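Input: a single structure, listed below in structure tokens.
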Amino acid sequence: MTTEQQLLTVVTAAVHTAAALVTRPSTTPTTGAELMAALAANDDAVSGVLRPALTAALPGSQWTSDEHGSGPMPGGDWWVVDPVGGNMNAVQGMPDWNIGVSLVRDGRPVLAVLYMPVAGETFTAVAGHGASANGVPLRVSAKTDLSLALTGTGQARPGREADRADRAGAAVAAMMRQALYVRVSVPVGHLLAQVAAGRMDVHWQFDNLRSHIAPVLLVREAGGTVTDLDGKPWDITSDGYLAAAPGVHAAALEALR
């Protein structure tokens with residue numbers, strides 16, 4: 001039987017191969033049609049490599065690349081893939097984009113790979129066995145003072161609903177009054193990986209999308225505290241989450257309340 005560590009090797013190789021197919025158009029898109037075509041081309045190219053490689057590596061496994069999906073998942077083994085996290089950044093010529101893969105087994109994440117090609121960093125995790133970046137073990141920050149914390153959040157999916165925007169803005173303002181700074185950017189996976197690496201201290205979302213599973217697992221396996229926004233343990237069905245260094249998690253949760 002294929003072990004999770006063997007699968008991690010296969011996934012990492014496939015992700016590196018797929019990343020080479022992500023391209024930027026010769027001219028920056030200026031219409032909705034041009035933008036959607038460029039985004040779809042990158043997603044399709046990456047999925048075209050990853051889907052056959054991953055499903056072949058784990059016979060009987062299933063696939064979803066619905067990066068904005070949420071809620072419970074069917075039983076069995078599922079490859080949950082965000083073909084290009086921060087695809088808009090890639091299309092616009094910015095460096096913050098990644099490819100993220102998680103394996104969810106009977107509703108529980110068991111492994112994760114997040115590859116940042118421009119930074120040259122590959123983040124990996126296996127449930128119960130820790131997280132690493134380029135083979136070096138990761139550990140979250142040891143900070144205990146929220147006033148010294150680097151915090152972040154992001155717009156997890158497009159949308160202009162007034163209540164969602166107001167809630168996100170109020171949370172940023174609340175955290176700005178407590179933390180050293182607040183970074184608001186995408187892709188969310190980039191910020192979560194920085195928390196796992198101890199470079200940032202806090203990340204929160206009012207969304208809990210399937211594309212977040214891999215980077216949230218990175219934080220948890222690096223020793224971070226991950227809960228929903230009521231302080232209950234995180235799982236893939238939570239409405240939102242707070243992923244933080246243990247020493248600042250409680251203060252960050254209070255700030256968001």
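On a predicted model such as this, the values are computed, not experimentally measured, just so you know. Below, all heavy atoms of this structure are taken into account, side chains as well, without hydrogens, waters or symmetry copies.
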Evaluation steps, side-chain contact (heavy atoms from CB on, under 4.5 Å), between Glu221 and Leu138: CA-CA 8 Å; Glu221 287 300 314; Leu138 294 176; over 6 Å; no
Flag, side chain of Thr237 to backbone of Pro72, donor-acceptor distance under 3.5 Å: no
Side chain to side chain contact (heavy atoms under 4.5 Å, CB included), paired with Arg183, selected from Thr151, Leu150, Leu191: Leu191
Inter-residue atom distance Leu7.CG - Asp77.CG, 0.5 Å rounding: 8.5 Å
Donor + acceptor pair across side chains of Thr30, Glu34 (<3.5 Å): yes
From Tyr181 atom OH to Met200 atom CE, the distance as rounded to the nearest 0.5 Å: 5.5 Å
Arg177 with Glu254: basic N within carboxylate O range, under 4.0 Å: no
Residue pair Arg105 / Glu4, side-chain heavy-atom distance below 4.5 Å: yes
4.5 Å side-chain heavy-atom contact, Ile99 and Leu114: no
Evaluation steps, side-chain contact (heavy atoms from CB on, under 4.5 Å), between Tyr241 and Val216: CA-CA 9 Å; Tyr241 58 86; Val216 168; 3.9 Å; yes
Expected output: side-chain Asn98 to main-chain Thr122 donor-acceptor under 3.5 Å: no
Value rounded to 0.5 Å, distance of CD1 in Ile236 from CD1 in Ile213: 5.0 Å
Joint hydrophobic cluster, Leu217 plus Met73, side-chain heavy atoms closer than 4.5 Å: no
Between Asn42 and Asn87: side-chain donor-acceptor atoms closer than 3.5 Å: yes
Donor-acceptor side-chain pairing of Thr64 and Asp66 below 3.5 angstrom: no
Heavy-atom side-chain contact between Val126 and Val110 under 4.5 Å: no
Whether Lys143 side chain and Val248 backbone form a donor-acceptor pair below 3.5 Å: no
Chi angles and distances behind the side-chain contact (heavy atoms from CB on, under 4.5 Å) call for Tyr115, Glu121: CA-CA 6 Å; Tyr115 177 41; Glu121 290 190 303; over 6 Å; no
Single-linkage hydrophobic cluster, 4.5 Å side-chain cutoff, Trp234 and Leu256 together: no
Check: His190/Ser185 side-chain N/O donor and acceptor closer than 3.5 Å: no
Aromatic Phe206 / basic Arg164 pairing, under 6.0 angstrom, 45° off normal: no
Close side-chain approach of Leu229 and Asp239, heavy atoms under 4.5 Å: no
Side chain to side chain, Trp79 and Gln62, heavy atoms closer than 4.5 Å: no
Distance-only donor-acceptor check, side chains Thr124 and Ser132, under 3.5 Å: yes
Spacing of His249 atom NE2 and Thr225 atom OG1 [to the nearest 0.5 Å]: 5.5 Å
From Met116 atom CE to Asp96 atom CG, the distance as rounded to the nearest 0.5 Å: 8.0 Å
Heavy-atom side-chain contact between Trp78 and Ser102 under 4.5 Å: no
Pairwise distance CG(Leu111) to CD(Gln6) - rounded to 0.5 angstrom: 12.0 Å
Under 3.5 Å donor-acceptor, Asp82 side chain and His212 backbone: no
Check: Gln92 and Thr28 side chains under 4.5 Å, non-hydrogen atoms: yes
Backbone of Leu58 reached by a side-chain donor or acceptor of Ser61 within 3.5 Å: yes
Heavy-atom side-chain contact between Leu8 and Val113 under 4.5 Å: yes
Side-chain donor/acceptor of Asp207 to backbone N/O of Leu209, under 3.5 Å: no
Chi angles and distances behind the side-chain contact (heavy atoms from CB on, under 4.5 Å) call for Asp201, Val195: CA-CA 5 Å; Asp201 308 292; Val195 175; over 6 Å; no
Under 3.5 Å donor-acceptor, Asp230 side chain and Lys232 backbone: no
